[in-house]
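Keep in mind that the numbers below use all heavy atoms, side chains included, and drop hydrogens, waters and symmetry copies.
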Amino acid sequence: MLKQHLQFKLSQKLSPQQIQLMKLIQLPTQAFEQRLKQELEENPALESGKEETDALDDIYEDTYDDSADNENIDTDEINIDDYLSDDEIPDYRTQANNYSTDDEDKRVPYAAGTSFNQYLLNQLNTVYLDDQEWAIAEFLVGSVDESGYIRRPLPDIMDDLAFTQNIYVEEDKIVEVLKIVQDLDPPGVAARSLDECLIIQLKRKEQKPSVELAINILERSFDHFTKKHYSKLIQKHHISEEELKDAISEIEKLNPKPGGSYSGNTRMIEHIVPDFSIKIVDGELELTLNGRNAPELHVSKDYSNMLEGYKNAKEKSKSQKDTVMFIKQKLDAAKWFIDAIRQRQQTLFITMNTIMEYQKEYFMTGDERKLRPMILKDIADKIDMDVSTVSRVANSKYVDTPYGTKLIKDFFSESMKNEQGEDVSTREIKKILETVIRDEDKKKPLTDAKLAKMLKEKGYPIARRTVAKYREQLDIPVARLRKEI
């Protein structure tokens, strides 16, 4: 028996335009400027800057159809007047007062000059080396990373010299040349490990008892030193606590990353451009969106003239119809892009304004303990948007505040109950934990269990494992490694 069923299925599918809009919202200011530049280069119907006349105040509304197949467009049905209407001033041409007018976000130039590796090679020119030694030294310098270390094992370097430089030498010869490279400045360069880096620096200092003891400790007891097993060091080296303190003081003066000390080490520095700015004006919070997110865009006047010419033509040839189809495609894209930028501006401003109001107490004081528990859904519900949209704004944008430039996602945190049953932010607990550790007796640093007990006494009943998790998130080492003499 044949049966018929009627089944309804509700599904949600994002259009390509919606996906592109989500991508635009996610872009921070500098990346957005690059995307804008790309669109202006690819679409001749889109132009930036103020328009000279108002002949193109509005683009069409009704003829825009995402699902249309451009190859099947009947050009006789295109209403050219829709593209040439001058009835209204479009939204994107109006000046809003929530954009920053004086753009103070300049790109910070980074120092040009000799690279770190070239700096080392220049020093080698003052050292007498035969041709083979020079080739080995040059290869070793090329293997020095930006921190000043040679991370690759010597057998690998020996193989590379053979295969790429046609230089066949034993490992002992490479070690011999390596010692020469390690005599270059800055002290500690070309070391293969942290202990070797520190020992090289100590050997170039004035040799006195504290320096000699420091070298001895690093050579014989580096593991005990890194784990701060001070009692074992005192016992093994037959020294007093005061002598150990002097030796450790010498080590603490050294540079664990000698490459970073070279001022000509020209690495690209990421420059953060705040997407928003929050200021306190007459006791009230004032939010502005970086003006670089609000470009002035309009449709090319040339495209307007082409459509005008087609409209007035008595006979419409096939080539003219093909041209109109091309123009329509470009105008469709320009219309969408201008509208998408307007939606992006609105979404960014509404989202950040809601976050600002939600965390008003923090922005008025700068006290991180005033940050309220806040998750993405809290903001999404208030502005009636999807959680993913709020996430795109929060994860990639920065806001300039009276207390420094902050990543927006850092204002979000989970909540927990204190002893009074009130919701408190995990950020608040982390701040208190940080303060307790900062003020502890460094000779007897607090274990995670003791920290948990202290937090409980302050009204925050959290488990030891939670304390350990927060401590790790704050990049604070365990008690043993915080110990000082």
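In this structure, the side chain of D448 does not engage the main chain of R464 through any donor-acceptor pair within 3.5 Å. Within the 3.5 Å criterion, the main-chain N or O of S396 finds no donor-acceptor partner in the side chain of Q26. At distances below 3.5 Å, at least one donor-acceptor pair connects side-chain atoms of Y403 with backbone N or O atoms of T365. Under the 3.5 Å distance criterion, the side-chain polar atoms of T405 are left unmatched by any main-chain donor or acceptor of T401. With hydrogens and angles disregarded, no donor-acceptor distance shorter than 3.5 Å links the side chain of S391 to the backbone of V387.
For the 3.5 Å distance criterion, the side chains of S210 and E250 qualify, holding a donor opposite an acceptor. A side-chain donor from one of D339 and Q343 sits under 3.5 Å from a side-chain acceptor of the other. Side chains of E357 and N353: a donor-acceptor N/O pair is absent below 3.5 angstrom, by distance only.
Judged by a 6.0 Å distance limit and a 45° cone about the ring axis, R372 is positioned over the six-membered ring of Y358. In this structure, R344 is positioned above the aromatic face of F32, its NZ or CZ under 6.0 Å from the six-membered ring centre and within 45° of the axis.
Note that CG of L213 is 7.0 Å distant from CD of E243, once rounded to the nearest 0.5 Å. Taking CG from N290 and CD from Q30, the interatomic distance works out to 9.5 Å, rounded to the nearest 0.5 Å. Between atom CG of residue L46 and atom CH2 of residue W336 there is a gap of 11.0 Å, rounded to the nearest 0.5 Å. Rounding to the nearest 0.5 angstrom, the gap separating the OG atom in S277 from the CG atom in L289 is 10.5 Å. I278 contributes atom CD1, which lies 9.0 Å from atom CZ of F276 (distance to the nearest 0.5 angstrom). In this structure, CD1 in I350 is found 11.5 Å from OG1 in T389, a value given to the nearest 0.5 Å.
Side-chain contact between V181 and L120 is absent, with no heavy atoms from C-beta onward closer than 4.5 Å. Taking the side chain as every heavy atom from C-beta outward, V393 and I25 approach each other to under 4.5 Å. Within the 4.5 Å cutoff, the side chain of E457 has heavy atoms near those of the K453 side chain. With a 4.5 Å cut-off on side-chain heavy atoms, M352 and L287 count as touching. At a threshold of 4.5 Å between non-hydrogen side-chain atoms, the residues E440 and I437 count as touching. A 4.5 Å side-chain heavy-atom check between I476 and Y470 finds every atom pair outside the cut-off. Inter-residue side-chain proximity for L254 and K205 is flagged as met; some heavy-atom pair is nearer than 4.5 Å. Looking at heavy atoms from C-beta onward, I248 lies in side-chain contact with Y230 at the 4.5 angstrom threshold.
Counting non-hydrogen atoms of other residues, nucleotides and ligands closer than 6.0 Å to CG of D439 gives a total above 12. Around the NZ atom of K444, the shell of radius 6.0 Å holds no more than 12 heavy atoms that belong to other residues, nucleotides or ligands. The environment of CZ in R204 is crowded: more than 12 heavy-atom neighbours from other residues, nucleotides or ligands sit within 6.0 Å. When the shell of 6.0 Å around NZ of K23 is examined, it contains 12 or fewer heavy atoms from other residues, nucleotides or ligands. More than 12 heavy atoms of other shown residues, nucleotides or ligands fall within 6.0 angstrom of atom CZ in R151. Open room surrounds CD on Q235; 12 or fewer heavy atoms of other groups in view lie less than 6.0 Å from it.
For P373 against D378, the heavy-atom pair with the smallest separation is O-OD2, 4.1 Å. Across I174 and V169, no two heavy atoms sit closer than the pair CG1-CG2, 3.9 Å.
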Chi angles and distances behind the side chain to side chain contact (heavy atoms under 4.5 Å, CB included) call for F225, L218: CA-CA 7 Å; F225 169 74; L218 294 178; 4.0 Å; yes
Ring pair (Phe, Tyr, Trp, His ring centres under 6.0 Å) between F363 and F411, intermediate numbers included: CA-CA 11 Å; F363 287 114; F411 298 129; 5.1 Å; yes
Derivation of the salt bridge (charged side-chain N to carboxylate O under 4.0 Å, His left out) call for D275 and R292: CA-CA 9 Å; D275 305 272; R292 288 154 67 171; over 6 Å; no
Evaluation steps, side-chain hydrogen bond (donor to acceptor under 3.5 Å, both in side chains), between Q38 and E42: CA-CA 6 Å; Q38 178 187 348; E42 293 178 355; 3.1 Å; yes
CA sep, side-chain torsions, deciding dist, call: I383, V390, side chain to side chain contact (heavy atoms under 4.5 Å, CB included): CA-CA 9 Å; I383 61 178; V390 178; 4.0 Å; yes
Trace of the side chain to side chain contact (heavy atoms under 4.5 Å, CB included) decision for K406 with D400: CA-CA 6 Å; K406 311 286 186 181; D400 182 37; over 6 Å; no
Audit row: K208, E212, salt bridge (charged side-chain N to carboxylate O under 4.0 Å, His left out) steps and yes/no: CA-CA 6 Å; K208 53 185 180 180; E212 292 172 357; over 6 Å; no
Chi angles and distances behind the side chain to side chain contact (heavy atoms under 4.5 Å, CB included) call for T226, D223: CA-CA 5 Å; T226 57; D223 192 49; 4.1 Å; yes
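Considering H229, H237, K232, K227 as possible partners of S221, the one that fulfils the side chain to side chain donor-acceptor pair (under 3.5 Å) test is H237.
Residues in residues 171-181 take part in these side-chain hydrogen bond (donor to acceptor under 3.5 Å, both in side chains) pairs, two or more places apart or across chains: E133-K173, K173-E176.
A salt bridge does not link E434 to R438: none of the charged nitrogens lies less than 4.0 Å from a carboxylate oxygen.
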